[in-house]
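In what follows, every chain begins at residue 1, and chains take the letters A, B, ... in the order their sequences are listed.
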Amino acid sequence: MKEIPKTYKPQEVEDKIYQTWEKSGYFNPDNLPGERSEYFSIAMPPPNCTGTLHTGHAIMLAYQDLIMRYNRLLGKKTLWLPGTDHAAIATQAKVEKILYKEEKKTRHDLGKGKFLQKVVDYAEESKNTINNQVRKMGSSCDWSRERYTLDEGLSQVVKHAFLKMYEAGVIYRGDRIVNWCPHCMSTLSDDEVEYQAAKGKFYTFKYAKDFPLLISTTRPETKLGDTAVAVNPKDKRYQKYIGQEFTIDIGAGQQKIKIIGDDSVDMNLGTGALGVTPAHSMIDYEMAQKNDLSIIKVINEDGTMTDKAGPDYQGLPVLQARDKLVKWLKDNDLMVKQEDIEMNLTVCYRCGNTVEPLPSKQWFIDVNKKITLKDNKYFQNKSIKEAALGVIKDREIKIIPQKFEQDYFRWLDNLRDWCISRQIWFGHQIPVWYKKADKGINITFIRHGESQGNANDQASGHQGDELTDKGIKESQNLKSQLADENFDKVFSSDLSRSVQTAEIIFPDKEIIQDQRLREIDFGDLTGKTNEERNKYRVSGFPNGESYQQVRERILSFLSDLIDKYDGQRIALIGHSGTWKALEIILNNKSFDLEHLKIHATREPVEYQLKEIISVGLSDPQGSGWQQDEDTLDTWFSSGLWTFSTLMDKDYQKYDSWEDWVKGSADLEFHPTSVMETGYDILFFWIARMIIQTTFMMGEIPFEHVYLHGLVRDEKGRKMSKSLGNVVDPLDLIDKYGTDALRIAMITGTSAGADTRLYDEKVEGFRNFVNKLWNISRYILTSVKDIRRIPEKPTPQTLADEWILSKLDLVTEQVSKDLDKFNFSPASDALRDFTWNNLADWYIENAKFQMSNDKLKTSTEEILLYVLERLLILWHPFIPFVTEEIWANFKAQELLMVQQWPQVKYIGQAEKQVIESQVLYPFWKFEEIIMNIRNLRAEFKIDPGQKVDVTIIPAKKDNLADIRFEELQNNIINLAKLDHLMIGQTKPAGSVSHVLEGVGQICLHLESLLDLEQEKQRLQNEIESVKKFIATLEKKLKNNDFKLKAPKDIVAKEEFKLNDQKEKLAKLEDQLKGFE
RNA sequence: GGGAACGUAGCUCAGAGGGAGAGCGCCAGACUUACAUUCUGGAGAUCGCAGGUUCAAAUCCUGCCGUUCCCACCA
């Protein structure tokens, strides 16, 4: 027999067990044994590659591994896909910090190339550290599928996503007010801005002596960029000024201030007049849009004042500029008052520095534009907002706990266009290329005259198709219309109807034919009517072209134009398709059906070509292209995480996004089953995944979202370095073992509720783990043949039946709880069973049964059976210790791929039978023993001393169901008795307890030490019983109660009353005995 | 300013209409042959406060007090 140590030492076995698991290959769903038809998957929220594992990671890993292991045991094909996130800003900032600390250099000192290399090295190192720590937690994730947001395949998905959204017109480039962090030197999305309470000064002043209104501000320096004062149109004080314009000079030179009326102005706040600074406030910007105000940018990206702020201020940091202007206002008698106020500072969530709103040209995701996508049920004339709302409203995705749904809805309600470009170096470079025409090219596009095809509503595409008479006439008209225009060059599509038109309009010019200007190739739809073609317009024509392809060739054509004909005037004769592509390239139209189904007019259209933009998967053809320097918001790539990680790594094999999706076998695991993460990234991440996945895949990213709370310290505070209360999960693992840490984080908390973590809590669970270990130690060392595990054990005693019933019940409950994501109740129930039922009662009892030859074998079998099941039930919570015990038990197979016990369906009737024939009798048995122990303690009977006990049953045969013979023997063992007997009267010289529903337990005493104490106790008990009887009687005398309460409740109360009366009689008898 | 959650034993939390629960801590006792990371017994609660609904309220409703969180935002 194997030697099993007295104490479980997690430190000595955990790494070894993890290696065994990893080597087994079972983390990979493809290697799992047995038939597994049901898929189950979780995409692990990728930890940032910035350093090490913290408690936030530990808790998510604990939950997810629990969910994964449970579902694996249930026989599902389980994939848990691990990975890391490049965390653009966070990582870059960290490396910049290190760089400055170690070498006193900035990233600019190093240059982009060298700096990025450093970041990549750092990220690589962190990744390894993190991955090993993820292993430490026992995570059963499939390392063979590990991904990284910056790896090649994922970067390719990012490009596809950008392209697809761009083509749908969802991604656009715009000049707007953005949140700018002067420290990170980058834009931030609205969600990356935080508010911090701070003390500030509230200044009230006039722009000039003769200015009629007072205004107030906390940021005087921005007033250098004011272009208006807004008042509420209902405000009687100021109505008369609305529409007037003033010129002031507070240092920025001549500054025009218009008085405007706006309903959003609060009459009661400050002076009721608001200085409008369109360039440095989101709200003011919106006001400026409405009122057509000019926008003056007075603050620079580096946090200093611009030249527009005037020579006195240019170059000053904002705070200095503020002081200077305040002084100037005072000196000039314009300052009216200065108050101290509590205000909110807008700060960067990464670095904590003040965020400056300022105007900038950036890339945005339009959240309100209604779009239609092929094969996508979420986007049928729906905006991103609407689609993201729908999946939660329709409960297609269920958020647990549900209360977060309303947070989500509110977030969507307030959602503005999402700024996705970042001015940092580390990340996915925006897949956009620009090519500039220095002088600019003037292009006049002319659509060919009506052709036979046009006349018949038949698409000719690349086929020959002659002009009709009408078409010829149209062209002749154009000839005279354009007679005075001077074109340097004339280009035409090489298709006959276009060449024909060109030759009519420009008979004297050289017509340069270029097939890139052709109509779209309709492929199989050639010759079909417009109506038939329409449904293919967005997706592309079978065996023909898509508009994306047309755009590519036109773009290539335009690129050549820039190279060769910059500064010239060009006429361009082509087709409706040519025009559509030109509109897309030069007028920011998107590929939606609305645009694509419009035909070009036969009127000339003029374009100014200054810059062309190419959005795509790779560098565009031709020279002179420059890729956008900016990178994408890190959440843009993590929003793709659930499916980008499942895409076939060999992406070069596929020509299109659709093919790639079709060819990626692992997408069987998508939508993922559960997304488990902290509620703090509901908006950052969960919402983004929903947006991007519905858009790209036409699928939800996950079916359930389980949000756990944040880990806090024992006082409920957030962990932070400055407070010095950061708990390192790895320290706790070293001290108490991974299992103890895992269960400590899961037990005693519910979804969405914060968890407190501290040593004592983990220690308690370490003790429990050791308890389980010793339960197994006892069973495995005292059972003769541990291989003899019965399919179905045969109970011989009440205790046997009791423990098996309890096991069934706890199995049922744990399964139900886990199915409903109720983790804590599940572990509570299991712990209760393990310690309070199995260890404290059954095993103690089994020791006796084992010494009885008749019961030995069956008891052993039951012990083995219970242990086997118990290990499986516990495994998802505490995988290491259970696997280690399993190895002592059944060395040849791994616990992690066993089968979860079937829940034996117990019907209501059967449950009642078990309740009355097994659980209730055993409860009486427990009560008797506990009362004997209590009496012994009360009368200070030496633990070693044996005594006689007489039980007077409450009713005749009351002890029959607890099988008195068994009880008698067991009690001797459990309570140190000489003899247990049933009697009718209380023996002389005994003390007793009256147990409701059971009887009177009388302990024979040689001599009673403290008579007074016992009398007092009896009196107290009599008092409380009387009180209880009084309330019961009151209740039962109440007619309303008898009338309105359910019958079984009334019967129960009546039964209680009788019971209590009996008890009272016995207690009073007893008291008399003492007097 | 808007919204949400939570106030139950000294601490951390269960319970969600029918006689107040667990773990830790505390007190007393015990080396009992799986485990002192253990075992046995005990003390400890006006279920935040005030109303209401109900035969019956810790549990449902209203108000108040307190704590925490989220969102908007202060011109």
Side-chain angles (χ1 to χ4, degrees), chain A residues 4 6-8 195 200 202 215-219 222-223 229-230 264-266 269-277 281-284 287 341-344 346 401 403-404 406-407 410-411 413-414 679-680 682-683 709-710 712 714-716 736 740 747-750 752-756 758 760-761 763-782 824-825 828 831-832 835-836 839-840 843-844 847 930 933-938 940 942-944 973-976 1027-1028 1031-1032 1035-1036 1038-1046 1048-1050 1052-1053 1056 1060:
Chain A
I4 299 176
K6 269 182 146 182
T7 329
Y8 172 62
Y195 298 95
F202 195 51
I215 58 160
S216 302
T217 182
T218 54
R219 299 203 54 190
T222 63
K223 302 291 108 182
V229 168
S264 65
V265 176
D266 182 348
L269 195 66
T271 61
L274 156 68
V276 182
T277 321
S281 153
M282 302 270 179
I283 295 196
D284 293 7
M287 246 181 246
I341 57 156
E342 291 288 326
M343 54 180 282
N344 268 335
T346 18
K403 66 171 178 174
F404 283 106
Q406 43 185 323
D407 286 357
R410 197 151 27 78
W411 179 81
D413 266 354
N414 295 325
Y679 63 75
D680 53 331
L682 178 62
F683 308 140
L710 307 183
R712 293 169 179 275
E714 68 215 288
K715 291 180 184 137
Y736 305 112
T747 308
T749 185
S750 53
D754 292 350
T755 316
R756 301 186 187 203
Y758 43 92
E760 292 84 340
K761 195 171 180 181
E763 195 185 344
F765 287 104
R766 185 270 317 261
N767 295 351
F768 171 75
V769 167
N770 192 58
K771 185 75 182 180
L772 183 64
W773 175 258
N774 272 291
I775 288 171
S776 80
R777 181 167 186 261
Y778 169 73
I779 296 175
L780 297 179
T781 51
S782 55
S824 182
D828 278 344
R831 194 194 119 96
D832 184 54
W835 206 319
N836 300 335
D840 289 352
I843 289 186
E844 290 310 316
K847 285 175 187 169
M930 288 196 287
R933 286 172 182 163
N934 176 273
L935 278 166
R936 292 178 62 102
E938 206 175 316
K940 305 209 164 38
D942 190 83
N973 222 276
L974 292 173
K976 296 223 161 55
K1027 231 169 142 185
F1028 189 35
T1031 62
L1032 286 171
K1035 204 184 244 185
L1036 286 164
N1038 185 339
N1039 268 337
D1040 280 341
F1041 174 71
K1042 284 198 165 167
L1043 243 64
K1044 292 179 184 170
D1048 55 319
I1049 298 277
V1050 178
K1052 231 162 107 185
E1053 297 296 303
K1056 275 187 210 161
Q1060 292 299 315

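Salt bridge annotation for A:Arg410-A:Asp413: absent, with no cationic side-chain nitrogen under 4.0 angstrom from a carboxylate oxygen.
The separation of B:C39 from B:U32, taken at their P atoms, amounts to 15 Å, rounded to a whole angstrom. Rounded to whole Å, the P atom of B:C49 lies 11 Å from the corresponding atom of B:A9. Taking the C1' atom of each, B:A56 and B:G63 are spaced 23 Å apart, rounded to whole Å. Taking atom C1' in both B:C24 and B:U37, the straight-line distance is 14 Å, to the nearest Å. Comparing B:A30 with B:A36, their C1' atoms are spaced 10 Å from each other, to the whole Å. Straight-line distance between the C1' atoms of B:G7 and B:C13: roughly 13 Å, to the nearest whole Å. Comparing B:C6 with B:C26, their C1' atoms sit 27 Å apart, to the nearest whole Å. Comparing the C1' positions of B:U54 and B:U67 gives an interatomic distance of 31 Å, to the nearest angstrom.
Remark: C1' of B:U12 and CG of A:Asp828 are 12 Å apart, rounded to the nearest angstrom.
Note that OG of A:Ser776 and NZ of A:Lys771 are 12.0 Å apart. Values are rounded to the nearest 0.5 Å.
Between A:Arg756 and B:C13 there is a side-chain polar atom (N or O) within less than 4.0 angstrom of OP1 or OP2. Dashed line: the shortest gap from a side-chain N or O of A:Asn934 to OP1 or OP2 of B:G42 is under 4.0 Å. Checking the phosphate oxygens (OP1, OP2) of B:U37, no side-chain nitrogen or oxygen of A:Tyr736 falls inside 4.0 Å. For B:U12, the OP1/OP2 oxygens have no side-chain nitrogen or oxygen of A:Lys761 closer than 4.0 Å. Checking the phosphate oxygens (OP1, OP2) of B:U38, no side-chain nitrogen or oxygen of A:Trp773 falls inside 4.0 Å. Residue A:Lys771 places none of its side-chain N or O atoms closer than 4.0 Å to OP1 or OP2 of B:C35.
You'll find a donor-acceptor pair under 3.5 Å spanning the side chain of A:Glu844 and the base of B:A34, going by distance alone. With hydrogens and angles ignored, a donor-acceptor pair closer than 3.5 Å exists between the side chain of A:Lys847 and the base of B:A34. With hydrogens and angles ignored, no donor-acceptor pair closer than 3.5 Å exists between the side chain of A:Arg933 and the base of B:U40. Within 3.5 Å, a donor on the side chain of A:Asn344 pairs with an acceptor on the base of B:C73, or the reverse.
Candidate nucleotides B:C73, B:A34, B:G18 were compared by shortest atom distance to the side chain of A:Ile775, and B:A34 ranks first. With B:U37, B:A14, B:G19 as the candidates, the nucleotide lying closest to the side chain of A:Lys1056 is B:G19. When distances run from any side-chain atom of A:Gln406 to the nucleotides B:A4, B:A34, B:C71, the shortest one goes to B:A4. Residue A:Arg766 places its side chain closer to B:U37 than to any other of B:G18, B:G41, B:U37. Nearest to the side-chain atoms of A:Thr7 among the listed nucleotides B:G19, B:U37, B:G23 stands B:U37. Between B:U37, B:G2, B:A5, one nucleotide has an atom nearer to the side chain of A:Lys403 than all others, and that is B:A5. Out of B:A34, B:C73, B:G23, the shortest distance to the side chain of A:Arg831 is found at B:G23. For A:Tyr758, the side-chain atoms get nearest to B:U12 when compared with the rest of B:C55, B:U12, B:G41. Of the candidates B:C69, B:C74, B:A34, B:C69 carries the atom nearest the A:Arg712 side chain, counting heavy atoms from C-beta on. Taking only side-chain atoms of A:Asp840, from C-beta outward, the nucleotide of B:U40, B:G19, B:C71 with the closest atom is B:U40.
Using a 4.0 Å heavy-atom distance criterion, A:Ala839 is classed as a base contact. Using a 4.0 Å heavy-atom cutoff across all strands shown, A:Val265 reaches at least one base atom of the nucleic acid. If you check every strand for non-hydrogen atoms under 4.0 Å, A:Pro825 touches nothing. Across all strands, A:Lys1052 comes closer than 4.0 Å to no nucleic acid atom at all (heavy-atom distances).
Here the side chain of A:Thr277 pairs no donor or acceptor atom with the backbone of A:Lys223 at under 3.5 angstrom. Not a single donor-acceptor pair under 3.5 Å links the side chain of A:Lys1035 to the backbone N or O of A:Phe1041.
Residue-to-nucleotide proximity on RNA chain B shows that, of A:Phe1041 and A:Phe202, the 5′-proximal contact is made by A:Phe1041. Both A:Glu1053 and A:Ala753 sit near RNA chain B, but only A:Ala753 has its closest nucleotide nearer the 5' end.
Between A:Phe768 and A:Trp835, the ring planes are tilted. Angles from 30° to 60° get that label. The aromatic rings of A:Trp773 and A:Tyr8 are tilted relative to each other, their planes meeting at an angle between 30° and 60°.
No cation-pi contact links A:Lys1056 to A:Phe1028, judged by a cut-off of 6.0 Å to the six-membered ring centre and 45° from its axis.
Residue A:Phe1028 and nucleotide B:G19 are classified as a stacked aromatic pair, their ring centres being separated by less than 5.5 Å at an interplanar angle below 30°.
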